[in-house]
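Keep in mind the model is a prediction, meaning the values are calculated, not measured. Indexing begins at 1, ligand by ligand and atom by atom, following the structure's order. When reading the values below, keep in mind they use all heavy atoms of this one structure, side chains included, and skip hydrogens, waters and symmetry mates.
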Amino acid sequence: MAKTQWYKDMAVYQIWPRSFCDGNGDGIGDLWGVLSKLDYIKSIGVDAIWFSPLYPSPNADFGYDISDYKNIHPDYGTLELFREVLDEAHKRGLRVFMDLVVNHTSDEHPWFQESRKGPGNPYSEYYYWRPGRMVLGKRLPPNNWTSMFEGDAWAYDPERGEYYLHLYAKKQPDLNMANPRVREEVKDIMRFWLDMGVDGLREDVITFTGKTPELPSSYPKIPIANGMKHFVNRPEVHGYLAEFKRDVLDHYDCFTVGESPLTTADVALRYVTEGEDQVLDEMIAFSHMEADCFKTDMIRRPFDLRKMKRAFSDWQEKLAGKAWNALYIENHDHPRIISRYGSEEYRRESGKMLAAMYMLQRGTPFIYQGQEIGMTNLRLERVEDYEDVMIENAVKIASKFVPKKQLLHMVQEGSRDSARSPMQWSAEENAGFTTGKPWFFVNENYKEVNAAAEEEDPDSLLNFYRELLAFRKVQPVVLRGDYRELMEDSRELYVYERSYEGQRLLVVCSFTAKLVRFDAPEGYDLSQGKLVLKNYEQNFVIAGGFTTRPYELRVYLFE
Ligand code: GLC
Ligand code: CA
């Protein structure tokens with residue numbers, strides 16, 4: 001089938017369904033709620049919706065542990081209701097992408113239930129089962145890998161009398177993708193949704209789906225993701241993806257984006273370089289999300305702008321002319337960006353600056369629910385009040401080197417739950433998210449920070465998102481232009497240029513509340529440029545430059 005590259009011009013809105021909008025009053029977000037907000041989503045100026053998992057799931061990892069790939073969780077609605085949402089989205093010109101989670105299933109999935117019965121049944125090789133090692137009369141796991149979420153990557157199953165591999169939670173056993181029958185199941189799931197009219201797939205930790213066949217131990221042992229080299233970006237993965245493409249994806253005009261933790265731009269190019277070997281349209285990078293932490297959001301460090309700039313520029317430069325970027329600064333796996341790289345004190349200013357900073361780069365912008373109204377981190381009083389499966393283990397590991405009173409701070413600023421509180425729709429009770437009792441805590445700031453207030457104020461962050469997306473859509477220099485970073489050494493300013501057939505865009509972003517002198521780079525006369533986006537009302541140019549105000553943004557267009 002002839003493929004078009006419509007995905008290059010689009011912008012995507014991500015819904016984490018549990019916290020988006022509750023339509024039936026049980027306190028849990030659902031598809032009735034989504035249906036009522038489609039016009040709102042469309043009004044932002046996006047072209048597509050990506051749904052985090054909507055499938056039946058025991059919710060050990062809130063939907064990323066799937067027990068039925070071809071249905072909708074009863075909390076969210078029914079398949080029929082999903083079809084209606086799909087239809088209504090399409091009527092509004094919004095495409096719909098599903099989350100494809102096939103590195104693992106739930107342990108409550110029928111495949112796993114059958115598989116644990118032992119050898120001889122059709123599902124016995126669907127997962128990684130190993131007998132384990134006996135050392136001095138003690139039973140030990142088959143190797144020393146550690147999971148992302150819960151200590152050892154192996155759990156003993158008394159029913160089968162063997163260990164199974166789980167790179168994430170115990171309730172998320174890894175599928176054995178090396179088994180051709182498992183790959184047939186994946187293709188079947190893909191076809192199920194694509195045949196229904198879904199327009200694309202976001203492929204969860206797809207780069208972990210290949211494992212070194214012997215599953216060897218790895219040294220030195222580290223507390224999280226030990227064994228990485230045996231399960232991250234193994235050569236098998238490209239083969240699996242090529243097979244999915246050949247047998248399924250090539251037969252649909254659909255979009256694919258792969259999530260790729262622990263992956264550099266060079267490695268990403270193996271999958272996304274346009275041409276014969278391309279197996280995914282885009283990759284979800286991680287390095288730009290590590291400018292205030294060490295590898296994981298939980299290990300906090302002071303924000304380092306140069307680290308962030310290097311990460312963005314690295315992907316922009318390496319993919320230039322070869323592949324297409326996925327651009328994001330928030331999703332359900334990271335705390336809120338204003339609380340991290342911006343400033344809650346200058347919420348609106350920094351929110352606008354951050355939005356322009358990433359969306360004016362080359363690639364497809366993704367926006368996470370609530371980002372467009374400037375939601376900030378949820379902060380709970382007690383670690384026990386947090387829900388996310390990864391917190392307990394992270395706190396256990398961190399308590400070895402983080403003082404006790406800092407542990408709560410670590411969770412408040414670093415946990416995924418900080419960005420999973422209910423969407424703030426209005427100043428009404430429970431932020432207008434539900435008429436019932438919300439399943440999780442609502443951020444206390446909802447009286448000031450909510451969509452209704454943003455809607456009324458012409459100068460709001462929400463209206464700035466609209467302006468920015470509308471601008472991007474009609475400007476070839478944003479959609480297609482080359483990217484070049486300027487003033488790389490600055491620790492306060494992120495400055496870059498986009499250029500395309502005689503058009504140039506100069507993007508100036510301040511990442512500090514301090515006043516910083518900005519001198520126009522060589523070849524730029526600001527008085528000749530048109531100030532097209534900004535976050536302060538009055539804007540003067542003095543002696544070829546200006547002194548930045550807190551988190552100031554200025555975007556000049558030269559044509
Ligand atoms: C991805 C998802 C994350 C989930 C993990 C395991 O990283 O984005 O939310 O916990 O995969 O499925
Ligand atoms: Ca509900």
Side-chain angles (χ1 to χ4, degrees), residues 14-37 50-55 57-67 69 72-78 81 97-107 109 147-150 153 165-175 201-209 224-225 231-232 257-263 283-286 289 296-298 326 328 330-335 366 368 387-391 393-394 415-420 422-423 430 433-440:
Q14 181 195 352
I15 292 183
W16 196 75
R18 215 175 160 75
S19 285
F20 184 64
C21 182
D22 178 18
N24 68 353
D26 67 356
I28 300 173
D30 52 44
L31 289 172
W32 294 280
V34 171
L35 210 46
S36 72
K37 298 296 181 187
W50 148 35
F51 284 107
S52 273
L54 289 166
Y55 321 99
S57 159
N59 282 334
D61 188 17
F62 291 115
Y64 285 91
D65 49 319
I66 298 171
S67 53
Y69 284 93
I72 296 294
H73 196 301
D75 284 350
Y76 301 146
T78 59
L81 177 60
F97 308 144
M98 292 299 257
D99 217 310
L100 181 80
V101 188
V102 291
N103 176 67
H104 42 264
T105 67
S106 162
D107 65 340
H109 193 289
S147 75
M148 306 292 146
F149 288 169
E150 287 190 299
L165 177 70
H166 63 89
L167 293 179
Y168 286 87
K170 288 193 187 71
K171 284 184 70 64
Q172 293 172 299
D174 277 53
L175 278 168
L201 302 166
R202 178 265 188 193
E203 306 191 357
D204 189 65
V205 291
I206 201 69
T207 45
F208 286 17
T209 52
I224 287 189
F231 58 77
V232 180
V257 54
E259 190 205 20
S260 59
L262 306 165
T263 300
M283 274 298 201
I284 298 176
F286 277 68
M289 301 306 288
T296 139
D297 293 319
M298 286 283 198
Y328 78 98
E330 274 193 19
N331 63 35
H332 66 296
D333 287 333
H334 302 284
F366 288 70
Y368 175 59
E387 291 279 348
D388 187 6
V389 60
M390 76 187 285
I391 289 174
N393 188 50
S415 75
R416 309 193 293 182
D417 279 347
S418 308
R420 292 179 174 185
M423 174 79 181
N430 301 320
F433 163 74
T434 178
T435 52
K437 184 178 174 320
W439 76 277
F440 196 38

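Near ligand 1, residues D61, Y64, H104, F149, Y168, Q172, R202, D204, V205, E259, H332, D333, R416, R420 each place a heavy atom inside the 4.0 Å sphere around the ligand atoms.
Just one residue in the list R416, R420, Q14 forms a side-chain hydrogen bond (donor to acceptor under 3.5 Å, both in side chains) with H332, and that residue is Q14. Of the options Y64, F149, F231, a ring-ring contact (aromatic ring centres under 6.0 Å, His included) to Y168 is made by F149 and by none of the others.
Using a cutoff of 4.0 Å between basic side-chain nitrogens and carboxylate oxygens, K171 and D65 are not scored as salt-bridged.
One finds the CG atom of N393 at 11.5 Å from the CD1 atom of I391 (value rounded to the nearest 0.5 Å). Atoms OH and CG, from Y76 and L54 in turn, are 7.0 Å apart once rounded to the nearest 0.5 Å.
D417 meets the salt bridge (charged side-chain N to carboxylate O under 4.0 Å, His left out) test with no other residue; sequence neighbours excluded. With sequence neighbours excluded, the residues that form a salt bridge (charged side-chain N to carboxylate O under 4.0 Å, His left out) with D75 are R18.
Here 5 is the count of protein N, O or S atoms positioned under 3.0 Å from the Ca ion (ligand 2), waters not counted.
Listed for the Y69 side chain is a donor-acceptor partner under 3.5 Å among the backbone atoms of V101.
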Please step through side-chain contact (heavy atoms from CB on, under 4.5 Å) for the pair D174 and F208, ending with a clear verdict. CA-CA 10 Å; D174 277 53; F208 286 17; 5.7 Å; no
